[in-house]
Each structure stands twice: as structure tokens, then as C-alpha cells.
Protein chains: 2
Amino acid sequence: MVTVGAMALGKDYATQECSIARALEIVGERWTLLVVRDALYGVRRYNDFLVHLGIPRAVLAARLQTLTAEGILEKRRYQQSPPRDEYVITERGIALWPTLRSLGRWGREHFAEEPVRVFRHADCGTELGPYGECPACGTVVPVADVVMEPGPGLSPDPADPVSRALLAPKRLLEPIETGQV
Amino acid sequence: MVTVGAMALGKDYATQECSIARALEIVGERWTLLVVRDALYGVRRYNDFLVHLGIPRAVLAARLQTLTAEGILEKRRYQQSPPRDEYVITERGIALWPTLRSLGRWGREHFAEEPVRVFRHADCGTELGPYGECPACGTVVPVADVVMEPGPGLSPDPADPVSRALLAPKRLLEPIETGQV
DNA sequence: CACTGAAGGTTCGTTCATTGAACCTATGGG
DNA sequence: CCCATAGGTTCAATGAACGAACCTTCAGTG
């Protein structure tokens with residue numbers, strides 16, 4: 001009995017006529033935005049989400065369900081036998097990048113010491129400015145042209161393979177290589 | 001027995017080295033971002049949050065506690081007898097505006113028919129662009145210079161006094177007048 | 001003086017969601 | 001045949017949210 005669609009939260013934000021509230025009904029549940037973040041970082045497989053997030057399996061399954069139903073992720077078979085699916089972020093999910101980027105920036109500026117991840121414009125290597133723009137080029141950088149690399153605040157030897165894969169600079173959206181194919 | 005400070009969520013996002021996760025530990029709980037949104041809209045009083053959000057009283061009290069402890073709201077006495085406090089948004093809370101604006105934009109673009117609220121640059125009346133900038137002036141508009149007005153998707157005759165007060169155009173941060181002083 | 005009402009809460013029983021451990025199903029490899 | 005991997009489901013225990021009721025302080029009114 002999995003609830004999908006309109007009722008993302010047990011009780012929705014009923015009285016709210018507000019697109020922020022609408023958005024939060026869909027991505028406001030616990031873990032959901034972290035799943036989307038990982039999907040932007042290139043995580044696609046159930047087990048990779050699992051080990052990277054440390055999320056309970058049942059909750060992950062529910063979130064992937066909801067995100068797929070809302071068109072934020074797309075479930076796609078990547079091998080036939082045994083049948084295996086991966087979850088790939090859609091345009092609608094990619095459109096959450098400005099929100100996640102600014103939320104992360106807020107967290108870093110107000111509650112973290114050092115940056116954990118640094119985002120650069122792939123074309124010129126310049127670090128992104130406060131609004132997701134490239135200060136050198138003067139344009140807002142599309143997600144696919146963002147390179148993510150570890151910052152000084154990141155621990156050098158993480159336990160899970162996904163975190164290890166994210167130690168190397170990589171473009172957003174590009175699938176991660178956990179090296180266990 | 002109210003928990004404050006470091007443990008905003010029952011179990012925090014423990015394994016996450018990520019400023020997005022840090023941010024979500026603080027503002028990721030149910031209702032929290034809607035309280036911040038209301039504070040940006042100029043809501044300051046317990047009862048105004050209560051009727052506008054339709055939030056359970058105990059939950060509102062807990063969220064105001066946490067947000068105050070994290071320096072996002074500031075509790076301030078506005079009359080002595082009987083003692084009455086209001087919750088005013090701080091710089092740290094105002095810094096969440098880009099996140100909330102982009103989240104609201106995402107919600108509207110993907111899940112709403114018509115805009116519920118429209119944001120304009122107070123100086124020139126131009127509607128804000130996708131990144132919170134004024135397309136006419138070419139600058140990012142500070143929160144205090146944003147005027148909010150109802151859009152076509154807003155119901156014309158809301159029940160609660162806060163929603164009624166928000167029917168008129170007003171600047172963000174400016175305290176709302178519920179007309180019941 | 002007694003009453004009423006507003007503001008800003010607290011308390012409490014019920015319901016709902018999250019958690020973590022255990023289990024299940026295909027399949028492929030040694 | 002046995003084990004490992006990927007991707008789940010099930011279940012009991014815990015914790016958070018809900019909503020109704022209650023509480024306190026004071027101002028205003030008759």
C-alpha cells in the first residue's frame with residue numbers, strides 16, 4: 001500500500017495557496033532533497049543511494065517511488081538479466097539545482113566552517129558565484145556545465161564507494177563510477 | 001523538555017558531509033520553511049502564523065523555538081503588559097530568500113497553473129527574473145526592495161486575516177497589518 | 001467587581017511516519 | 001551446490017505530528 005501522486009505528505013499543507021507549499025508537498029519530506037542532490041551528483045542505483053545516504057531501505061524505496069511518480073526521476077532498465085533498473089534525474093529534477101545550490105550555500109555560509117564541495121564552470125574553471133553564475137563569463141551556468149570537486153572540509157578517506165568516487169572532480173549529472181561493475 | 005540546538009531532527013543526517021544536509025537539519029523539518037516564508041512575508045506574531053499556516057499549536061511553538069535558537073528568527077518583546085513577543089526574521093533568515101524563491105518558482109513552473117504571488121522590483125515595478133534579478137535594472141534585487149502582490153491564481157476572498165492582509169501589494173519584510181490591533 | 005476575550009502558549013491521547021533488522025527473489029560465478 | 005549481488009518487502013518499535021482541551025495574564029466593558 002504505497003501512496004503515490006497527490007498526497008506526498010500524510011497531511012498536505014492544506015490551506016496553503018502557495019507554490020512553495022506545493023513544492024514542499026513533493027520534495028519536502030525527510031530525505032527527499034538529499035536523494036535529488038545525489039541524483040544531480042550522478043548517483044543512479046538503489047544501492048549507491050543506500051550506502052551514500054545511510055537511509056533506511058524502505059524509506060529509499062518510497063522516495064524513489066514518489067520522485068518517479070512526480071517526474072523528477074525516471075526509472076530505466078539498464079540490464080535485462082537479472083533485471084536491474086536505475087533512476088535517472090529528469091529535466092524537472094534538474095530544475096531543482098538552483099534551489100539545492102542556494103540551500104547548500106546558505107548552509108555553508110551560516111553553519112559550516114569550510115566548503116565541502118566546490119562548483120566550477122567547466123568551460124573556464126571559475127568557481128560559481130552566489131547565484132550560480134560564472135563571474136568570469138557573466139552567464140548562469142547550466143547544470144551540465146558544472147564541475148564539482150572536493151573542498152577542504154571533505155574528509156579524505158570516506159567509507160562508502162560513492163563518496164570515494166566523488167573525491168575526483170566530475171561533472172554534475174554524469175553517472176558516477178563506483179568501480180564495482 | 002524541548003530539544004534545541006544541534007539536534008533539529010530526531011536522527012540527523014549523520015553520515016552526510018554536505019552543507020545541503022547541514023541546512024536541511026535546521027530547516028528541513030515539516031513546516032519550518034513555511035514559517036520562514038511567512039516571516040519573510042512580514043508575519044511576526046504567533047497567532048498570525050497559526051491562522052495563516054493552519055499548523056498545530058505545539059508544532060508552531062517548537063518551530064519558533066528552533067528557528068530562534070538557530071538565529072533565523074529573533075524573539076522581541078513588543079509590549080510589556082501583557083507581555084507579548086513577536087518573531088522577527090534575522091539576516092540569517094533573510095539569506096534563505098533565494099532558496100525559497102527558487103523553490104517557489106520550481107513549484108509554480110512544474111505543478112501550478114497560474115502564479116499565486118508575483119514579485120517585483122520596488123524601484124521599477126519589473127517582475128523578477130528566474131534568478132531573483134530585475135531584468136530591467138540588471139541587478140539582483142535585495143529582499144527589502146521586493147514588492148509582493150497577488151497573482152491570478154490567488155483566491156479573492158480568503159478566510160484568515162493574514163491572507164486578507166496579503167491581498168494588497170506590500171514589500172517583503174514589512175510587518176503585515178491584520179487590522180486587529 | 002465579575003465577565004469576556006485576546007495572545008501565547010502547554011498538555012495529552014491518537015495517529016502516522018521513520019527506523020533498523022530480517023527476510024525474499026532472481027541471477028551469475030566459482 | 002553454495003555464495004554473493006542488486007533491489008527490493010515486511011514487521012515491530014520508536015518518535016513526531018495532529019488536534020482538542022486546557023491554562024495564564026491582562027485589558028476592556030457593563
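All of these numbers come straight from a predicted model, not from anything done at the bench. In what follows, chains are A, B, ... by sequence order, proteins preceding strands, each numbered from 1.
Across the protein-nucleic acid pair, A:L64 atom CG and D:dA6 atom P stand 16 Å apart, rounded to whole Å. Atom CD in A:Q80 sits about 13 Å away from atom C1' in C:dT27, given to the nearest Å. In this structure, A:E29 atom CD and D:dG15 atom P are separated by 21 Å, rounded to whole Å. Distance B:L60 CG to C:dT10 C1': 13 Å, rounded to the nearest Å. Atom CD of A:Q79 is separated from atom P of C:dA26 by 16 Å (rounded to the nearest Å). Note: CZ (A:R63) to P (C:dA17) measures 10 Å, nearest angstrom. For the pair A:D48 CG and D:dA6 C1', the computed distance is 10 Å after rounding to whole Å. Atoms CD (A:Q65) and P (D:dG8) sit 9 Å apart, rounded to a whole Å.
Regarding contacts with the backbone of D:dG8, a side-chain N or O of A:Y87 is found under 4.0 angstrom from either OP1 or OP2. At D:dC22, none of the side-chain N or O atoms of B:R57 fall inside 4.0 Å of OP1 or OP2 (strictly under the cut-off). Look at B:K75 and you won't find any side-chain N or O under 4.0 angstrom from OP1 or OP2 of C:dG8. For D:dA16, neither phosphate oxygen OP1 nor OP2 lies less than 4.0 angstrom from any side-chain nitrogen or oxygen of B:W31. At D:dG7, one or more side-chain N or O atoms of A:Y78 fall inside 4.0 Å of OP1 or OP2 (strictly under the cut-off). Dashed line: the shortest gap from a side-chain N or O of B:Y46 to OP1 or OP2 of C:dT10 is not under 4.0 Å. The phosphate of D:dT25 (OP1 or OP2) has no side-chain N or O of B:S81 nearer than 4.0 angstrom. Residue B:R45 places none of its side-chain N or O atoms closer than 4.0 Å to OP1 or OP2 of C:dA6.
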(message) Apply salt bridge (charged side-chain N to carboxylate O under 4.0 Å, His left out) to residues A:R117 and A:E149 and explain how you reach the verdict.
(response) CA-CA 6 Å; A:R117 301 190 191 286; A:E149 59 184 45; over 6 Å; no
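A side-chain donor-acceptor contact under 3.5 Å links B:S102 and A:T99. Side chains of B:H52 and B:D38: a donor-acceptor N/O pair is present below 3.5 angstrom, by distance only. Looking only at atom types and distance, the side chain of B:Y87 has no donor-acceptor partner in the side chain of B:R45 under 3.5 Å away.
With distances taken from any side-chain atom of A:R30 to the nucleotides C:dG9, C:dG20, C:dT18, the minimum falls on C:dT18. Of the candidates D:dT5, C:dT11, C:dA6, C:dA6 carries the atom nearest the B:R84 side chain, counting heavy atoms from C-beta on.
Seen from the ring of A:Y78, A:R44 does not count as a face-on cation partner, given the 6.0 Å and 45° thresholds.
The residue among A:V59 and B:P82 whose nearest nucleotide of DNA chain C lies closer to the 5′ end is B:P82. Of the two residues near DNA chain C, A:P83 and A:P56, the one whose nearest nucleotide lies more 5' is A:P56.
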